[in-house]
Amino acid sequence: MSRVTQIRTLIALIGGLFSILAFAKPVELDEISRKEVAERIAPVSSVCKEGEECAANASAVASTSSGPRSGEQIFNQFCTACHTTGLLGAPKKDDKAAWETKLSAAGDFSKLLGNAISGIGSMPPKGTCMDCSDEEMSNAIEFMSGLKP
């Protein structure tokens with residue numbers, strides 16, 4: 001098959017596909033399908049400006065926090081992948097010797113906590129818990145290591 005024949009065949013195929021799409025009738029969606037599509041493309045969140053009614057409601061939601069999460073909660077949600085397996089040299093949970101070594105290298109608990117907050121070695125800042133407070137990070141270290149501040 002020559003190059004010219006291939007190009008003509010390709011043009012005919014594209015033309016045929018275009019004509020099919022141009023003359024196709026839209027499929028009517030039933031009400032349930034419309035709702036499913038609307039849910040899938042709905043915005044995930046919205047932005048409120050200070051002074052708007054939605055901004056007043058946002059502060060009420062934010063103030064319903066139950067306090068800092070426990071070390072166990074933080075560990076189970078954010079730390080377990082690395083600190084259970086020792087991935088990339090992370091000290092394992094309940095490995096007293098490894099945690100004592102980390103504490104000695106840091107100097108004291110507050111510096112060890114500072115390393116966890118700012119990131120050290122392969123650990124990014126705050127591990128994978130971007131919304132953890134310093135207190136929650138401390139709780140997680142205490143839970144994993146048994147060390148006390």
Side-chain angles (χ1 to χ4, degrees), residues 3 6-7 9-11 13-14 16-18 20-22 24-149:
R3 181 101 171 133
Q6 290 175 341
I7 292 173
T9 305
L10 181 61
I11 291 172
L13 284 172
I14 291 172
L17 288 173
F18 178 75
I20 289 171
L21 292 174
K25 293 182 182 178
V27 176
E28 288 298 319
L29 298 175
D30 61 4
E31 194 58 34
I32 294 172
S33 297
R34 288 182 190 277
K35 286 180 184 177
E36 289 173 350
V37 169
E39 287 173 5
R40 282 193 295 259
I41 64 172
V44 176
S45 64
S46 62
V47 176
C48 295
K49 294 181 182 175
E50 190 173 329
E52 291 180 352
E53 184 179 334
C54 60
N57 293 336
S59 63
V61 172
S63 66
T64 61
S65 174
S66 62
R69 294 168 283 187
S70 72
E72 183 175 11
Q73 289 172 312
I74 299 298
F75 173 79
N76 288 334
Q77 187 172 357
F78 300 104
C79 310
T80 190
C82 296
H83 288 282
T84 298
T85 63
L87 183 67
L88 299 172
K92 293 182 183 179
K93 181 184 178 304
D94 297 326
D95 183 348
K96 298 266 187 214
W99 283 102
E100 288 291 338
T101 302
K102 292 289 182 183
L103 181 63
S104 294
D108 62 19
F109 189 87
S110 65
K111 290 181 183 167
L112 181 68
L113 175 60
N115 289 341
I117 291 168
S118 62
I120 186 167
S122 299
M123 181 178 160
K126 294 189 176 185
T128 59
C129 186
M130 295 299 106
D131 68 340
C132 279
S133 67
D134 292 357
E135 182 180 1
E136 290 171 330
M137 291 296 293
S138 178
N139 293 344
I141 292 171
E142 288 178 51
F143 177 76
M144 286 186 281
S145 66
L147 300 172
K148 299 288 182 196

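Every value quoted in this text rests on a predicted model; they were computed, and no experiment measured them. Computed from heavy atoms alone, side chains included, the values below leave out hydrogens, waters and symmetry copies.
- D131 CG to E136 CD: the interatomic distance, rounded to the nearest 0.5 Å, is 7.0 Å.
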Give the C-alpha distance, both sets of side-chain angles, the deciding distance and a yes or no for side chain to side chain contact (heavy atoms under 4.5 Å, CB included) between K126 and M130. CA-CA 6 Å; K126 294 189 176 185; M130 295 299 106; 4.3 Å; yes
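- Taking OG1 from T80 and NZ from K93, the interatomic distance works out to 9.0 Å, rounded to the nearest 0.5 Å.
- Here I11 contributes atom CD1 and Q6 contributes atom CD; the two are 12.0 Å apart, rounded to the nearest 0.5 Å.
- For C132, the disulfide (SG to SG under 2.5 Å) test picks out C129, with sequence neighbours left out.
- We find the CD1-CD1 distance between I117 and I120 to be 12.5 Å, quoted to the nearest 0.5 Å.
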Output side-chain donor-acceptor pairs under 3.5 Å for residues 97-113, partner residues at least two apart or in another chain, one line each.
residue: W99; atom: NE1; partner: K92; partner atom: O; Å: 2.9
residue: T101; atom: OG1; partner: A97; partner atom: O; Å: 2.9
residue: S104; atom: OG; partner: E100; partner atom: O; Å: 3.1
residue: D108; atom: OD1; partner: S110; partner atom: N; Å: 3.3
residue: D108; atom: OD1; partner: S110; partner atom: OG; Å: 2.9
residue: D108; atom: OD1; partner: K111; partner atom: N; Å: 2.9

Working for side chain to side chain contact (heavy atoms under 4.5 Å, CB included), residues D30 and K35: CA-CA 9 Å; D30 61 4; K35 286 180 184 177; over 6 Å; no
Name every donor-acceptor pair, under 3.5 Å, that has one atom in a side chain of residues 138-149 and the other anywhere in the protein, sequence neighbours excluded.
residue: S138; atom: OG; partner: E142; partner atom: OE2; Å: 3.3
residue: N139; atom: ND2; partner: R69; partner atom: O; Å: 3.2
residue: N139; atom: ND2; partner: E135; partner atom: O; Å: 3.4
residue: S145; atom: OG; partner: I141; partner atom: O; Å: 2.6
residue: S145; atom: OG; partner: L147; partner atom: N; Å: 2.9

